[in-house]
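Working notes, structure below.
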Amino acid sequence: MRGVPDGIANRLPGRRTLAIAGGAALVLVALVVAGGAAYFAAGMGPDAEAVAAVEADPNVSVDRTAVGTAVRDGPVTSSTVGLVYYPGGRVAHESYVPTAAEIVSASDRVALVVVVDAPLNLAVLAPDRADRVRERYPEVGAWAVGGHSLGGAMACRHAAGNAEAYDGLVLHAAYCDRDISETGLDVLSVLGGADGVIDAERERASRSNLPADARIVTLDGVNHAGFGAYGPQRGDDPASLSPDASREAIGNATGRWLSERGSVNRDVRSQSASTAGSESVRSAAIAVAG
């Protein structure tokens, strides 16, 4: 090598060696990336028996589409209330089909819940997938967006930038890191009293990002994994309620709230926004537990 003493040059790697080393490094990086992708793509769940039970229920329909899995209890019309649902991180989206079935069953209106099929089971990779869901079901008269854990956080971010498209936001074992307090959205936050995964302090502090009349419900005996059907989750606390009972409780809290959404809520929000300093006249009341 020009300008390099012969002794040192003899000890430096040759071009062939460098090429081999560089190729090996690229292979290693590719293996790490592929392994990570496979890890997330494998996901957790679903509980096949729980999903099969929903599919066998004559009172609900399960439709698999290009945007996710839809669960409904009647034809989709202008009277239908819809919920776009983002799955938790690394959880297979069909793990929430049993929860979705409980939600539509508890609603007093015909309901449609579409659980988004996120790339690599990560909602963070498809934060605006809800737009495609709404485009697929233009007949739906009222929409809410929500999700579990990381999916709930992504739903909040989506709602923060698209508040005009929704009547409400549903947080399941999740919290908002965006300020949506002045968006006019109705908000339901359902928490598990036995949740060992959620950062409870951060969840409590983040409530300032929600509207003052957000409905917050804590369900005793429900842990983090109880919001879906994907088995136990590392770091979680034991649940005193069975998985079926947990999903039923979550479905009841969510379905009843969802059935309140609709054109009346939109009209009330519009009137309230035009009257500065007036008291909120929304029908949804504050229910704080825990």
Side-chain angles (χ1 to χ4, degrees), residues 32-51 85-100 102-103 115-127 146-158 169-178 187-210 214 216-251 253-254 288-290:
V32 170
V33 171
Y39 171 78
F40 285 104
M44 294 186 287
D47 180 329
E49 290 186 4
V51 174
Y85 196 89
Y86 287 87
R90 210 173 72 80
V91 180
H93 81 282
E94 289 211 347
S95 299
Y96 297 96
V97 166
T99 308
E102 294 290 353
I103 292 172
V115 188
V116 169
D117 185 4
L120 298 181
N121 297 308
L122 291 172
V124 69
L125 299 179
H148 174 229
S149 196
L150 175 62
M154 291 302 102
C156 173
R157 292 186 180 187
H158 176 76
L169 170 69
V170 175
L171 301 172
H172 281 174
Y175 52 85
C176 275
D177 63 355
R178 296 290 189 272
V187 176
L188 171 69
S189 175
V190 182
L191 303 166
D195 190 334
V197 175
I198 194 171
D199 187 329
E201 291 185 6
R202 183 169 293 184
E203 184 280 322
R204 178 75 64 169
S206 72
R207 292 184 188 182
S208 61
N209 289 330
L210 305 180
I216 301 173
V217 179
T218 299
L219 300 175
D220 292 337
V222 176
N223 64 5
H224 198 78
F227 285 82
Y230 56 90
Q233 188 164 351
R234 186 172 62 182
D236 209 357
D237 289 340
S240 59
L241 289 183
S242 70
D244 287 345
S246 293
R247 292 191 294 269
E248 181 180 5
I250 294 160
T254 308
V288 179

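Everything numeric here is computed off the predicted structure, so don't read it as measured data. Both backbone and side-chain heavy atoms feed into the values below; hydrogens, waters and symmetry mates do not.
- How far OH of Tyr175 is from CG of Asn209: 11.0 Å, rounded to the nearest 0.5 Å.
- For the pair Val217 and Ser189, the minimum side-chain heavy-atom distance is 4.5 Å or more.
- Every side chain to side chain contact (heavy atoms under 4.5 Å, CB included) that Ala239 has, sequence neighbours left out, goes to Asn223.
- For the side-chain hydrogen bond (donor to acceptor under 3.5 Å, both in side chains) test, residues two or more places apart in sequence or in another chain that qualify with His172 are Tyr85, Thr254.
- Judged as a side chain to side chain contact (heavy atoms under 4.5 Å, CB included), and not counting sequence neighbours, the contacts of Ala245 are Leu241, Ser242.
- One finds the CG atom of Asp236 at 5.5 Å from the CG atom of Asp195 (value rounded to the nearest 0.5 Å).
- For His224, the ring pair (Phe, Tyr, Trp, His ring centres under 6.0 Å) partners are His148, not counting sequence neighbours.
- Of all the heavy atoms in Gly45 and Ser95, the pair that sits closest is CA-OG, 3.5 Å.
- At least one side-chain heavy atom of Val222 sits under 4.5 Å from a side-chain heavy atom of Phe227.
- Take Glu94 and apply the salt bridge (charged side-chain N to carboxylate O under 4.0 Å, His left out) test, not counting sequence neighbours, and it matches Arg64.
- Formation of a donor-acceptor pair under 3.5 Å by the Tyr96 side chain with backbone atoms of Gly88 is found in this model.
- Not one N or O on the side chain of Tyr86 forms a donor-acceptor pair closer than 3.5 Å with the backbone of Leu150.
- Pairing each heavy atom of Ala174 with each of Ala153, the nearest pair is CB-N, 4.2 Å.
- Take Asp237 and apply the side-chain hydrogen bond (donor to acceptor under 3.5 Å, both in side chains) test, not counting sequence neighbours, and it matches no residue.
- Heavy atoms only, all atoms of each residue included: Val190 and Ala253 are closest at CG2-CB, 4.4 Å.
- When all heavy atoms of Val51 and Pro46 are compared, the closest pair comes out as CG2-CB, 3.9 Å.
- In this structure, Ala50 and Ala229 approach most closely via the heavy-atom pair CB-CB, 4.1 Å.
- With sequence neighbours left out, the side chain to side chain contact (heavy atoms under 4.5 Å, CB included) criterion links Leu210 to Leu171, Cys176, Ile180, Val187, Ala214.
- In this structure, the side-chain hydrogen bond (donor to acceptor under 3.5 Å, both in side chains) partners of Tyr230, at least two apart in sequence or on a different chain, are Gln233.
- Residues forming a side chain to side chain contact (heavy atoms under 4.5 Å, CB included) with Asp177 (at least two apart in sequence, or on another chain): Arg157.
- Nearest heavy-atom pair, Ser246 versus Gly221, reported as atom, atom and distance to 0.1 Å: OG-O, 4.3 Å.
- Remark: Asp244 engages Arg247 in a salt bridge (charged side-chain N to carboxylate O under 4.0 Å, His left out) (not counting sequence neighbours).
- Partners of Asp220 according to the salt bridge (charged side-chain N to carboxylate O under 4.0 Å, His left out) rule, which considers only residues two or more places apart in sequence or in another chain, do not exist here.
- The salt bridge (charged side-chain N to carboxylate O under 4.0 Å, His left out) test applied to Glu248 returns no partner, not counting sequence neighbours.
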